[in-house]
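Just below is one structure, and these are the notes that go with it.
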Amino acid sequence: MTERLLRGRTLSFRSRPETVDDRASYVYEEDGGILVCGGKIAAVGPYALVAEKAGEVPVEDHRPHLILPGFIDAHVHVPQMQVIASYGAELLDWLNTYTFPEETKFIDAQHGRRIARLFCDEIIRNGTTTVAAYCSVHRQSVDAFFAEALSRDMLVIAGKVMMDRNAPDGLRDTAQSGYDDTKALIAEWHGKGRLHYAVTPRFAITSTPEQMELAGALMREHPDLHMQTHLSENKAEIAFTQELYPASTDYTDVYARYGLLGPKALFGHCIHLSDREADALSESGSVAVFCPTSNLFLGSGLFDWQGYSKRSKPVRIAAATDVGGGTSYSMLRTMDEAYKVVALQGEKMNPFAAFWQMTLGNAKALSLDERIGTLDVGTDADLVVLDATATPAMALRMETVKSLAEELFVLQTLGDDRPVRETYVAGRPLKRELTA
């Protein structure tokens, strides 16, 4: 693989920044260098020192732009690219009116391959290098997505949704076929390249107790896998779940009864949790995934990002676009909306914390921080180059910016795909290949 030396202003996090003055939480180099070799970061630091180590390696000079770890999206639906921006429904109606009919198309393998290709193009365009993705109920949709991600050497987590009730014809499996298909997909894809499989019961409403039991069995049989599902997104959803699982204490208890809580369990939304439920997530190390654009678009509610972090039993948190309920593929747009959600609850999300969340914070939440989310030597060279003057409005605002924190906030508030000058995946500059 090609060696390259990247030059620019480098920023990487060590811990969650509690304030804009928390200098110990990050490492910033005004003139930084990153030596990439074999898809990994071989050296990082002041440019002069890294260049001395690198020798005659080609230099890609990105000054004066920022170079950060690639963005990480912890919850997204690949089959919903043509559902995004669908009008006028709350969660359950939105699923039945728009999402489920769209997902039935994925029985066509060619359609699945086309959408997988376009999806990977779109996230690369937006600086995202890793996603935790839901495919459709069809096995071939997972084959298509993993094949596309593998061709780009992307580190992704994905799985076939398991759903054997409360879904239309053509979009249901059975408890046994969902188990069998998932086993086959694990054997085919998990651990190939940088691919990770996630056992994916869509949510309790669309799985029978028999299917939930088999999802738990899969996690016991493959304890290194992720598990992803939805939890407490919408009040009507919570009420319906209680009707379907009357013996459970609450919605979270449904998943607990089937052994689906744990450090690699990713629960999308988690807006309306009781204290007992938040305690259960905390005690099990499970992850609550904050999807602000989706929560606002569907009118679902406000995620308590600060509260979950500050409680005596803190909950692990990730952030995500949740396309197609979410309204943007950009993690910059996502964290702009996250800032507003937090502000509506009387708190503020400082810009360093926002960029920590979509890099190291999400890497930690996905239990992947030894591989991605920082610029540390030995980690995978997944990187994003950001230009805070990318649009006329941004350039005008940047004339008055006097600090790194202010620059990050401009990127977060006004940014989208346009400030992303380049996206490197395993050291390969993939954004430029989209327009080559």
Side-chain angles (χ1 to χ4, degrees), residues 74-75 91-92 132 134 157 159-166 173 175 178-179 182-183 186 196-291 300-301 303-305 307-309 311-318 320 322 364-367:
H75 181 109
L91 174 65
L92 298 182
Y134 290 62
I157 302 166
K160 175 198 113 64
V161 294
M162 303 167 70
M163 40 196 287
D164 64 343
R165 66 170 167 179
N166 293 319
D173 52 15
Y179 172 87
T182 299
K183 287 281 283 188
I186 293 166
H196 296 253
Y197 197 88
V199 174
T200 309
R202 187 185 204 111
F203 64 155
I205 287 172
T206 49
S207 286
T208 60
E210 292 77 16
Q211 184 162 79
M212 296 288 277
E213 180 58 50
L214 287 174
L218 285 163
M219 291 306 298
R220 290 189 295 274
E221 293 162 12
H222 304 277
D224 61 322
L225 297 187
H226 289 80
M227 191 288 305
Q228 58 184 357
T229 190
H230 297 79
L231 172 63
S232 294
E233 179 178 0
N234 169 284
K235 291 183 179 179
E237 166 213 12
I238 296 166
F240 191 16
T241 301
Q242 292 292 146
E243 290 177 23
L244 293 172
Y245 292 90
S248 295
T249 305
D250 47 44
Y251 196 166
T252 303
D253 188 48
V254 175
Y255 295 119
R257 284 170 179 253
Y258 297 104
L260 295 177
L261 273 59
K264 286 192 169 184
L266 311 174
F267 291 96
H269 306 293
C270 296
I271 300 170
H272 305 289
L273 299 178
S274 66
D275 284 342
R276 194 215 74 80
E277 291 178 286
D279 285 348
L281 294 185
S282 178
E283 290 163 4
S284 62
S286 301
V287 177
V289 186
F290 182 15
C291 305
S300 301
F303 181 95
D304 194 2
W305 186 81
Y308 287 160
S309 303
R311 64 197 308 275
S312 60
K313 293 183 178 179
V315 177
R316 296 171 69 207
I317 294 172
D322 191 32
K364 283 182 171 292
L366 298 181
S367 301

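Note: hydrogens, waters and symmetry copies are ignored here, and every other heavy atom, side chains too, is used. Just so it is clear, the structure is predicted and the values come from calculations on it, not from any experiment.
The closest side-chain heavy-atom distance from Ile205 to Leu92 is below 4.5 Å. The shortest distance between side-chain heavy atoms of Leu231 and Leu273 falls below 4.5 Å. Two residues are said to be in side-chain contact when any heavy atoms from C-beta on lie closer than 4.5 Å; Ile157 and Leu366 meet this criterion. With contacts defined as side-chain heavy-atom distances shorter than 4.5 Å, the pair Asp275/Arg311 qualifies. Between Leu260 and Thr229, every side-chain heavy-atom pair lies at or beyond the 4.5 Å cut-off.
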### Chi angles and distances behind the side-chain contact (heavy atoms from CB on, under 4.5 Å) call for Val254, Leu244
CA-CA 10 Å; Val254 175; Leu244 293 172; over 6 Å; no
### Task
May I have the step-by-step check of side-chain contact (heavy atoms from CB on, under 4.5 Å) for Asp322 and His269, ending in yes or no?
CA-CA 9 Å; Asp322 191 32; His269 306 293; 3.1 Å; yes
### Task
Dump the intermediate steps for ring-ring contact (aromatic ring centres under 6.0 Å, His included) on His75 and Tyr134, then the final yes or no.
CA-CA 8 Å; His75 181 109; Tyr134 290 62; 4.8 Å; yes
### Message
Determine whether Met212 and Met162 satisfy the following criterion, side-chain contact (heavy atoms from CB on, under 4.5 Å), listing intermediate values before the conclusion.
### Response
CA-CA 9 Å; Met212 296 288 277; Met162 303 167 70; over 6 Å; no
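Remark: side-chain polar atoms of Thr182 are paired, donor with acceptor, to backbone N or O of Gly178 under 3.5 angstrom. Between the side chain of Glu277 and the backbone N or O of Thr252, at least one donor-acceptor pair lies under 3.5 Å. The closest donor-acceptor contact from the side chain of His222 to the backbone of Lys183 lies at 3.5 Å or more, if one exists at all. Arg165 places a side-chain N or O within 3.5 Å of a backbone atom of Ser207 that can act as its donor or acceptor partner.
Residue Glu233 holds its CD atom at 7.5 Å from SG of Cys291, rounded to the nearest 0.5 Å. For the atom pair Glu221 CD and Met219 CE, the distance stands at 10.5 Å (nearest 0.5 Å). Taking OG of Ser274 as the start and CG of Asp279 as the end, the distance is 8.0 Å to the nearest 0.5 Å. Atom OG of residue Ser367 and atom NE2 of residue His196 lie 10.5 Å apart, to the nearest 0.5 angstrom. Annotation: the span from His272 atom NE2 to Asn234 atom CG amounts to 6.5 Å, rounded to 0.5 Å. Going from atom OG1 of Thr249 over to atom CD of Gln242 covers 8.5 Å, rounded to the nearest 0.5 Å.
The nearest pair of heavy atoms linking Arg257 to Ala247 is NH2-O, 2.6 Å. Of all heavy-atom pairs spanning Ala74 and Leu266, the tightest one is O-CD1, 4.4 Å. The minimum heavy-atom distance linking Leu281 with Ala288 is given by the pair CD1-CB, 4.5 Å. Closest heavy-atom contact between Pro314 and Ser309: CB-O, 3.4 Å. For Arg316 against Ala365, the heavy-atom pair with the smallest separation is NH2-O, 3.3 Å. Here the shortest heavy-atom pairing between Asp250 and Arg276 reads OD2-NE, 2.6 Å.
Taking a cutoff of 4.0 Å between a charged side-chain nitrogen and a carboxylate oxygen, Asp173 and Lys160 qualify as a salt bridge. Between Lys264 and Asp224 there is no salt bridge, since no side-chain N of the basic residue sits under 4.0 Å from a carboxylate O of the acidic one.
Aromatic ring centres of Tyr308 and Phe290 lie farther apart than the 6.0 Å criterion allows.
When the options Phe203, Tyr251, Phe303, Tyr255 are evaluated for a ring-ring contact (aromatic ring centres under 6.0 Å, His included) with Phe267, the one that passes is Tyr255.
For Ala175, the side chain to side chain contact (heavy atoms under 4.5 Å, CB included) test picks out Asp164, Glu210, Gln211, Leu214, with sequence neighbours left out.
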